[in-house]
Amino acid sequence: MSGGNIGDRKADHLALCAEDDVGFRGRTTLLECVRLVHDALPDLSLGDVDTSVTLLGKKLRAPLVIASMTGGTEEAGRINRELASIAEERGYGFGLGSQRAMHVRPGSGATYRVRPLAPSTLVLGNVGVVQARAMTTSEVRVLLDEVGADALCVHLNPAMELVQPGGDRDFTQGVATIARLVRDLGLPVVVKETGCGLSPAVGRRLRDVGVAHVDVSGAGGTSWVGVETKRAEAAGDDRARTLGEALWDWGIPTAASVALLAPQGFTTIVATGGVGSGLDVARALALGASAAGIARPVLRALSSGGRAGAIAALEAIESELRSVMLLTGSRDVASLRRAPRVIVGELAAWTSQLAG
């Protein structure tokens with residue numbers, strides 16, 4: 001495992017997500033608790049099914065975002081360019097990883113510059129709320145302008161930081177920082193968790209300061225606490241490893257977070273966190289998501305099968321989504337969001353206990 005600087009940390013994250021077992025252990029997304037109701041008489045041709053959506057002002061061919069992963073190293077740059085060009089080819093959105101490295105090491109900016117390969121793609125910039133707190137709005141805007149971003153993801157990651165050796169410990173002024181960016185940035189702001197989900201109470205606090213767009217990034221997919229636990233173990237940091245083992249499965253499942261935020265009036269809800277199939281995407285949309293973000297499955301497909309492998313994985317997800325839409329009688333995504341569904345198991349408990 002690499003050392004402690006930001007470039008080494010980014011390299012570790014890529015390697016662990018591509019090759020190691022850093023998924024949640026005992027917690028799932030709870031998307032499996034969504035039962036979509038079969039329509040035996042859909043009166044549709046598969047060719048009539050329209051998967052397109054408009055997200056943050058740009059039309060996507062399907063409600064898919066290749067979600068924020070990486071940046072700051074040469075390998076990260078290669079991955080960003082490859083995935084952004086796939087997003088352009090297939091009409092998806094694309095999220096950059098944290099631009100913190102770009103801010104502290106301006107020479108790493110090239111690893112985030114994907115616009116030449118993705119001229120029409122929805123590109124999402126990315127900065128942590130703790131880092132944004134210490135930056136002027138103009139400094140944040142410069143980072144976005146340098147990569148031609150259409151919007152900013154402000155990521156929240158307190159659980160991950162608590163386990164990370166040398167990570168942030170002061171999470172004050174987060175709401176005020178987000179409010180300032182929403183007011184002054186001049187681009188849409190998407191508030192995004194990093195694997196632990198957004199609660200209804202957090203959703204209300206965000207709505208109170210004008211946030212219209214969120215990415216729940218819920219529990220059930222990659223555990224970023226788990227990633228940092230693996231790094232702590234490799235570094236011989238027993239305190240961080242012990243804390244990480246205790247918090248590995250911490251968070252609100254993706255399905256629960258989407259379902260609980262859907263009634264709050266957000267313009268955009270992206271369902272990221274353990275989404276790995278077209279059926280998962282359909283379930284998330286039926287719960288109220290605007291689109292789904294997919295990260296680790298795409299990275300793994302790229303790592304094992306190259307560009308062709310990543311495209312094949314995404315084609316399979318899109319084909320499955322289209323099939324589920326036909327089987328629920330959903331001509332378009334708006335219809336799917338209104339499709340009958342039954343909520344069972346633990347997801348029903350989450351929604352009944354925390355609703356309202």
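What you are looking at is a predicted structure, and each value in this text was computed from that prediction instead of being measured.
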Undergrad: Quick check: does any side chain N or O of Arg105 sit under 3.5 Å from a backbone N or O of His103, one acting as donor and the other as acceptor?
TA: no
Undergrad: Looking at Gly220, is its backbone amide N or carbonyl O close enough to the side chain of Arg27 to form a donor-acceptor pair, meaning the two atoms are under 3.5 Å apart?
TA: no
Undergrad: Identify the residue among Met102, Arg100, Glu74, Gln99 that makes a side-chain contact (heavy atoms from CB on, under 4.5 Å) with Ser108.
TA: Met102
Undergrad: Rounded to the nearest 0.5 Å, how far apart are CG of Leu83 and CG of Leu117?
TA: 11.5 Å
Undergrad: I'd like to know if the side chain of Thr229 and the backbone of Val225 have a donor-acceptor N/O pair within less than 3.5 Å.
TA: yes
Undergrad: Nearest 0.5 Å please: distance from the CG atom of Leu326 over to the CG atom of Asp43.
TA: 10.5 Å
Undergrad: Considering only heavy atoms from C-beta outward, does the side chain of Arg307 approach that of Glu89 to under 4.5 Å?
TA: yes
Undergrad: Say you draw a straight line from OG1 of Thr51 to CG of Leu64; how long is it, rounded to the nearest 0.5 Å?
TA: 8.0 Å
Undergrad: Salt-bridged, Arg115 to Asp150, with N to O below 4.0 Å?
TA: yes
Undergrad: If we ignore hydrogens and angles and just use 3.5 Å, is the side chain of Tyr112 paired with the main-chain N or O of Gly97 as donor and acceptor?
TA: no
Undergrad: Going by atom types alone, do Trp350 and Glu346 pair a side-chain donor with an acceptor below 3.5 Å?
TA: yes
Undergrad: Could you tell me whether the side chain of Phe94 reaches within less than 4.5 Å of the side chain of Asn80, counting heavy atoms only?
TA: yes
Undergrad: Around atom CZ of Arg133, are there more than 12 heavy atoms from other residues, nucleotides or ligands closer than 6.0 Å?
TA: yes
Undergrad: Taking Thr111 for the side chain and Ala76 for the main chain, is one N or O donor matched with an acceptor at less than 3.5 Å?
TA: no
Undergrad: Does Arg90 have any salt bridge (charged side-chain N to carboxylate O under 4.0 Å, His left out) partners at least two apart in sequence or in another chain, and if so, which?
TA: Glu315, Glu318
Undergrad: Going from CG on Asp280 to CG on Leu321, what distance comes out if it is rounded to the nearest 0.5 angstrom?
TA: 11.0 Å
Undergrad: Report yes if the side chains of Asp39 and Thr328 come closer than 4.5 Å at any heavy-atom pair, otherwise no.
TA: no
Undergrad: Salt bridge (charged side-chain N to carboxylate O under 4.0 Å, His left out) with Glu233: which residues, sequence neighbours excluded?
TA: none
Undergrad: Between Arg283 and Thr29, do the side chains contain an N or O donor and an N or O acceptor separated by less than 3.5 Å?
TA: no
Undergrad: Using modelled atom types and a 3.5 Å cut-off, is there a donor and acceptor pairing between side-chain atoms of Asp50 and backbone atoms of Asp332?
TA: no
Undergrad: Are Cys153 and Asp215 side-chain neighbours, meaning at least one heavy-atom pair lies under 4.5 Å?
TA: no
Undergrad: Does Gly195 offer a backbone N or O that forms a donor-acceptor pair with the side chain of Ser217 under 3.5 Å?
TA: yes
Undergrad: With sequence neighbours left out, what residues match Val142 under side-chain contact (heavy atoms from CB on, under 4.5 Å)?
TA: Glu146
Undergrad: Does the side chain of Val147 come within less than 4.5 Å of Val114's, by heavy atoms?
TA: no
Undergrad: Can you tell me how far the CD1 atom of Ile86 sits from the CD1 atom of Ile311, to the nearest 0.5 Å?
TA: 4.5 Å
Undergrad: For Gln264 and Pro200, indicate whether the former's side chain and the latter's backbone hold a donor-acceptor pair under 3.5 Å.
TA: yes
Undergrad: Could you tell me whether the side chain of Arg169 and the main chain of Glu161 form a donor-acceptor pair under 3.5 Å?
TA: yes
Undergrad: Quick one: pull up CE in Met160 and CG in Leu247 and give me the separation to the nearest 0.5 Å.
TA: 13.5 Å
Undergrad: Could you check whether any side-chain N or O of Ser223 sits under 3.5 Å from a backbone N or O of Gly23, counting only pairs where one atom can act as donor and the other as acceptor?
TA: no
Undergrad: Are Arg341 and Leu287 packed together at the side-chain level, in the sense that at least one heavy-atom pair is separated by less than 4.5 angstrom?
TA: yes
Undergrad: So does Trp248 have more than 12 non-hydrogen atoms from other groups sitting under 6.0 Å from CH2?
TA: yes
Undergrad: Considering only heavy atoms from C-beta outward, does the side chain of Tyr92 approach that of Thr121 to under 4.5 Å?
TA: no
Undergrad: Side-chain contact test, heavy atoms from C-beta onward, threshold under 4.5 Å: evaluate it for Leu152 versus Leu143 and give yes or no.
TA: no
